[in-house]
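Below is one structure, written out as structure tokens, with a few remarks after it.
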Amino acid sequence: MGKESIGITVSKKSDFSEWYTQVVLKAKLADYAPVKGLIVLRPDGYSIWESLKYTFDKKFGQNGIRNGFLPVLIPESLLGKEKKHFAGFNPEVFWVTHSGENEVGDRLALRPTSETLAYTLYSKWIKSWRDLPLKINFWNTALRAEIKATKPFLRTSEFLWQEGHTVHATQEEAEKEVFKILAIYKNTVEEELAIPVIIGKKSEKEKFVGAVYTTTMESVMPDGKALQMGTSHFLGQNFSKPFDVKFADKDNIEHFAWQTSWGVSWRLIGAMIMVHGDDKGLVLPPKVAPTQIVIVPIYNSEEDKKQTLQKAEDIKKQLELKMMRVHIDDRSEISPGYKFNDWEMKGVPLRIEIGPKDIQKQKVVLAKRYNKEKIDLSFDKIEKIGQILNEIQSKMLETARKQADLNTFDIFDFSEFKEKIGKGGFFNANWCGKQDCEDKIKDETGADIRVIPLGNKNKVGKCIYCNEPSTIVPIFARGY
RNA sequence: GGGAUCGUCGUCUAGCUUGGUAUGAUACUAGUCUGGGGGACUAGUGGUCGCAGGUUCAAAUCCUGCCGGUCCCA
């Protein structure tokens, strides 16, 4: 196997789909499981997830949300209680029909989502207005059988996610919660993963089955397709009624509660790979990188080796004191060049090269992954590395934002829309609000309404399809 | 939902048309030399050819079914 097949063998531009799969496998984030549509997370992949979980937990906690845990099996009778909800999920539910040799009475679903189970419990737990609000988040996996072609992190039959479920005494408070969560999602994804997103509402057609409305966070990927990166739903009383989630209010009258549910999944990792990766492999934003800095010591004689490794250790300790995640690649059997390529494929944000020549000049060579820049840094400036990592983080967001802007277009003419949609992108287009037009646009272009951005009001125009007057400007795109 | 294509040591692969106990590389192990962008030489380990049937004296190769991967189009 030559150097061609150790690294990524296709370019991101010419064969995006193949490129993506290779990066996931070769950067050792994940591998395929023996069952169709399931993947295994390897330590570097799981570490990114843990980092996101840590940040979300902190922010959820500040908002009065605590974590709980729900079982994976849901009886059919429960899952079917809210009819539209059930109809929406039924085609992709995995069913457990046997325990050992015996058939189970009520079939058991492997949870596709936990609303029905959580709310059965909530109805027991909530009696009084004093029990509200109830805000619990669950970190778990959900199972939805994917018949179509699967893709690691983006479309798998089981995925890691968090699902939050809150209950409130008033509609106003519940709706406020929906948007608070959406804001947490947006700022976390932008600050941690350096991916710019657009938040807003889904159309009636695209909303979560069972919700009153769905808010969403969407981003345009480098191949021009849209990726839904998280949703926060206002459930109204649609579930509290069938599940009997009610409480005695201060007026001593029983009321049905108002509810929300919301989630993000490991799709966020998929988005990060697509947005930042390049032809050499993965590029990790420093904040979520399992290893932020790799030190490659270079030496030949035994004496040089000792001296170089010693200095590398010193630098490592110095950086670790500042809470940076550092690794020294002291593998002796492979050459420095191999290591450079290896760590670049794995996306480590910064590389420090140090050898006898550097020690003589009291400096190291610092290589930045995201723009391939190499600079000299003297020993007494080592502590500046923290600052450099922060700069990289913000530059990456900036670059991603420019990329997204280049993939976003205002469009006023339907035939022009049909022509341009082939190349992908986000299209801002006026829409009359009728589902009929939405359906026909989808039929003729393959694009659907990804998001109706917040604060988009009174932009007077004509519906791109039927030419009726319109004040709504959703983003149309083909999605993942 | 429709179409195409693939599955052989850890990885990539030759062999399949025309059946006869599997080729090479890389990785791995050991040693020597090397070391600032995917090193060199020598020796060694590793595969019941995705799974299950069938045809045959004989199946990686032919037939049937299944499982899994990848890509393209709705």
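Below, chain A is the first sequence line, B the second, and so on; all start at residue 1.
- Distance noted for atom P between B:U48 and B:C9: 9 Å (whole Å).
- An OP1 or OP2 oxygen of B:C71 is reached within less than 4.0 angstrom by a side-chain nitrogen or oxygen of A:T21.
- Looking only at atom types and distance, the side chain of A:Q22 has a donor-acceptor partner in the side chain of A:E18 under 3.5 Å away.
- Between A:K36 and B:G69 there is a side-chain N or O to OP1 or OP2 distance below 4.0 Å.
- Using a 4.0 Å heavy-atom distance criterion, A:K374 is classed as a base contact.
- Across all strands shown, A:V365 has heavy atoms under 4.0 Å from base atoms, whether or not it also approaches the sugar-phosphate.
- A:E218 has a carboxylate O that lies under 4.0 Å from a charged side-chain N of A:R450, or vice versa, which qualifies the two as a salt bridge.
- Following rounding to the nearest Å, A:R351 (CZ) and B:G36 (P) show an atom-to-atom distance of 12 Å.
- Atom CZ in A:R155 sits about 13 Å away from atom C1' in B:C71, given to the nearest Å.
- Interatomic distance, OG of A:S219 versus CE of A:M272, reported as 13.5 Å (0.5 Å rounding).
- We find that NZ of A:K225 is positioned 12 Å from C1' of B:A74, with the value rounded to whole Å.
- Listed nucleotides B:G36, B:C71, B:G39 differ in distance to A:Y338; the shortest reach to its side chain belongs to B:G39.
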